[in-house]
Amino acid sequence: MSFKSIIQDMKGELGSISRKGFDVKFGYGMRSRSHRVVQDSSVTVDAFKQSCWANMPPELLRDVLMRIEASESTWPPRKNVVACSGVCRNWREIMKEIVKTPEISGKLTFPISLKQPGPRDSLLQCYIKRNRSNQTYYLYLGLNQASNDDGKFLLAARKCRRPTCTDYIISLNGDDVSKGSSTYIGKLRSNFLGTKFTVYDAQPPNAGVKVTKRRSTRLINMKQVSPRVPAGNYAVAHISYELNVLGSRGPRRMQCVMDAIPASSIEPGGVAPTQTEFLHSNLDTFPSLPFFRSKSTRTESFQLGPLSGQKDGMLVLRNKAPRWHEQLQCWCLNFNGRVTVASVKNFQLVASPENGATGQEHENVILQFGKVGKDVFTMDYQYPISAFQAFAVCLSSFDTKIACE
């Protein structure tokens with residue numbers, strides 16, 4: 001039997017098991033138009049254990065799985081890679097070694113990929129759809145601009161207005177975008193004016209990060225009260241928009257301080273923190289996939305300390321300055337065809353000169369966001385930021401900024 005026929009038979013077997021009940025549509029979604037996360041799946045894989053694949057020699061199994069991973073490079077076919085990782089512990093460990101991070105492979109496979117830095121040498125193309133009726137934003141993976149297809153669902157965010165600020169709750173589940181959900185992975189919070197934002201991660205950006213417990217207090221009615229900080233919120237980025245007090249024409253000016261990413265990450269050989277697994281509390285709905293769970297179950301309230309004790313150790317991004325086009329009478333940026341509608345929300349982020357970036361490093365676009373339809377926007381990002389961080393930064397552009405325009 002040839003390898004091709006073996007792989008085809010294996011895919012057919014996986015599909016057969018899925019139809020019998022072993023449906024591995026976990027948090028990252030298997031169907032392009034589905035936002036749902038399957039809740040507790042108690043179906044066992046006895047059907048697979050009884051098949052001919054259960055006793056396959058390890059060397060042959062690894063070779064077959066490697067070929068499946070290499071052949072299924074795009075969604076939805078890549079669901080077969082996810083299905084293989086959910087079969088049993090042995091298969092899971094093999095797939096864990098085979099599937100590379102987006103930085104190396106340029107592919108988003110498992111949910112944790114959304115917390116890992118993007119590819120180094122190219123922009124990973126995504127887009128955002130806005131639902132005005134329920135103030136929800138959906139992030140999809142797709143090379144086109146999604147005129148006819150919803151693409152591959154990645155993340156969802158819901159806008160929550162509060163008396164003194166606005167929160168954007170970010171979740172892996174498009175149907176349950178709440179902070180109490182087990183698929184909650186972080187949030188974006190703005191100040192009252194919508195000029196300053198903080199990105200919070202539900203877990204530390206990497207396992208070895210140094211964290212310190214918040215000790216600040218405030219006085220209310222002469223009593224000392226500790227501020228209430230939601231458990232599992234780690235500040236990983238700060239975004240600020242420059243006030244336009246003179247009312248001058250032109251695009252918004254923004255700056256992003258990436259607290260969890262060192263400035264050296266944009267240099268040749270630089271390294272950015274990479275999460276390798278979710279905390280246990282984030283994956284209560286994925287009991288059949290323990291490979292993504294962390295041994296740590298700590299959910300205490302911490303706040304990230306500076307990377308090197310000083311702010312200048314962090315990566316700082318600024319929007320790329322546009323050029324005024326005399327013939328078109330508008331500000332222009334080269335989005336390489338990815339943006340088609342002029343909007344004050346459009347931007348490109350590059351490394352700030354204060355990071356020591358010069359020449360090509362300073363011109364290299366790390367994140368770009370722009371409008372292509374009434375409620376459709378493209379979002380392209382690359383190393384050293386992740387899809388989650390990029391999505392949070394783009395959400396800040398949707399917020400009303402009367403003082404900046």
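Nothing fancy with the numbering, it's 1 onward along the sequence.
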- prompt: Does Asn346 reach the main-chain N or O of Val341 with its side chain, forming a donor-acceptor pair under 3.5 Å?
  reply: yes
- line: Result for ring-ring contact (aromatic ring centres under 6.0 Å, His included) between Phe398 and one of Tyr168, Phe369, Phe347, Phe197 points to Phe369
message: Minimum heavy-atom separation for Gly270 and Tyr383, please, with both atom names.
response: O-OH, 3.2 Å
message: Quick check: do Thr198 and Leu188 have side-chain heavy atoms less than 4.5 Å from each other?
response: no
task: Return yes if some donor-acceptor pair links the side-chain N/O of Gln348 with the main-chain N/O of Asn334 below 3.5 Å, else return no.
output: yes
message: Is it the case that the side chain of Gln275 and the backbone of Pro204 share a donor-acceptor pair, with hydrogens and angles ignored and the cut-off at 3.5 Å?
response: yes
query: Yes or no on side chain to side chain contact (heavy atoms under 4.5 Å, CB included) for His238 and Cys256, after CA distance, side-chain angles and deciding distance?
result: CA-CA 6 Å; His238 290 82; Cys256 300; over 6 Å; no
- prompt: Is a donor on one side and an acceptor on the other found under 3.5 Å between the side chain of Ser85 and the backbone of Arg92?
  reply: no
message: Donor-acceptor pair, distance only, cut-off 3.5 Å: does the side chain of Thr195 make one with the backbone of Tyr241?
response: no
field: Heavy-atom pair of closest approach, residues Val372 and Val339
entry: CG1-CA, 4.0 Å
message: Side chains of Glu69 and Arg78, heavy atoms from C-beta outward: is any pair under 4.5 Å?
response: yes
Stepwise salt bridge (charged side-chain N to carboxylate O under 4.0 Å, His left out) check, Asp375 with Arg132: CA-CA 8 Å; Asp375 291 302; Arg132 294 174 182 264; 2.8 Å; yes
- request: Would you indicate whether Asn134, at its atom CG, is surrounded by more than 12 heavy atoms from other residues, nucleotides or ligands within a distance under 6.0 Å?
  value: yes
- prompt: Donor-acceptor pair, Arg253 side chain versus Glu242 backbone, under 3.5 Å?
  reply: no
message: Distance alone, cut at 3.5 Å: any donor-acceptor contact between the side chains of Arg318 and Ser352?
response: yes
- request: Measure across Asn233 and Tyr200 and return the closest heavy-atom pair with its distance rounded to 0.1 Å.
  value: CB-CD2, 3.9 Å
query: Between the side chain of Lys107 and the main-chain N/O of Ile104, is any donor-acceptor distance below 3.5 Å?
result: no
message: Is it the case that over 12 heavy atoms from other parts of the model lie below 6.0 angstrom from the CZ atom of Arg323?
response: no
field: Beyond-backbone contact of Pro384 with Leu315, side-chain heavy atoms, under 4.5 angstrom
entry: yes
message: In the structure I gave you, are the side-chain heavy atoms of Cys394 and Tyr381 within less than 4.5 Å of one another anywhere?
response: no
task: List the steps, then state whether side chain to side chain contact (heavy atoms under 4.5 Å, CB included) holds for Ile128 with Tyr138.
output: CA-CA 5 Å; Ile128 298 171; Tyr138 301 100; over 6 Å; no
message: Is there a side-chain contact between Arg162 and Asp167 in this structure, where contact means two heavy atoms from C-beta onward sitting under 4.5 Å apart?
response: yes
- line: Rounding to 0.5 Å, atoms NZ (Lys187) and SG (Cys160) come to a distance of 9.5 Å
Shortest non-hydrogen contact between Gln116 and Pro102, atoms and distance: OE1-CD, 3.1 Å
task: Provide the closest heavy-atom pair for Pro77 versus Glu72 in the form atom of the first, atom of the second, distance.
output: CB-OE1, 3.3 Å
- prompt: Between the main-chain N or O of Val365 and the side-chain N or O of Gln368, is there a donor-acceptor pair closer than 3.5 Å?
  reply: no
- line: In this structure, CZ of Phe388 is separated from CG of Asp201 (nearest 0.5 Å) by 4.5 Å
task: Classify the side-chain pair Ser178/Asp176 by whether it contains a donor and acceptor separated by less than 3.5 Å.
output: yes
- prompt: What's the spacing between Phe391 CZ and Leu154 CG if we round to 0.5 Å?
  reply: 9.0 Å
Shortest non-hydrogen contact from Ile98 toward Met66: CD1-CG, 3.4 Å
message: For a 4.5 angstrom cut-off between non-hydrogen side-chain atoms, does Asn364 reach Val350?
response: no
- prompt: If you measure from OH on Tyr140 to CG on Leu155, what distance do you get to the nearest 0.5 Å?
  reply: 11.5 Å
- request: Step by step, work out the side chain to side chain contact (heavy atoms under 4.5 Å, CB included) result for Phe110 and Val99.
  value: CA-CA 9 Å; Phe110 302 116; Val99 177; 3.9 Å; yes
- prompt: Is there a donor-acceptor pair closer than 3.5 Å between any side-chain N or O of Ser71 and the backbone N or O of Arg67?
  reply: yes
- prompt: So how far is it from Asn90 CG to Leu61 CG, rounded to the nearest 0.5 Å?
  reply: 6.0 Å
field: Between Thr166 and Arg189: side-chain donor-acceptor atoms closer than 3.5 Å
entry: no
- prompt: Is the backbone of Ile261 close enough, under 3.5 Å, to the side chain of Ser265 for a donor and an acceptor to pair up by distance?
  reply: no
- request: Tell me, with the steps shown, if Met95 and Leu65 meet side chain to side chain contact (heavy atoms under 4.5 Å, CB included).
  value: CA-CA 7 Å; Met95 295 307 296; Leu65 293 180; 3.8 Å; yes
- prompt: Side chains of Glu103 and Arg120: closer than 4.5 Å at any heavy-atom pair?
  reply: yes
field: Pairwise distance CD(Gln255) to CD1(Ile239) - rounded to 0.5 angstrom
entry: 11.0 Å
NZ/Lys196: more than 12 non-hydrogen atoms of other groups inside 6.0 Å: no
field: Validation row: Val199, Gln389 side chains within 4.5 angstrom (heavy atoms)
entry: no
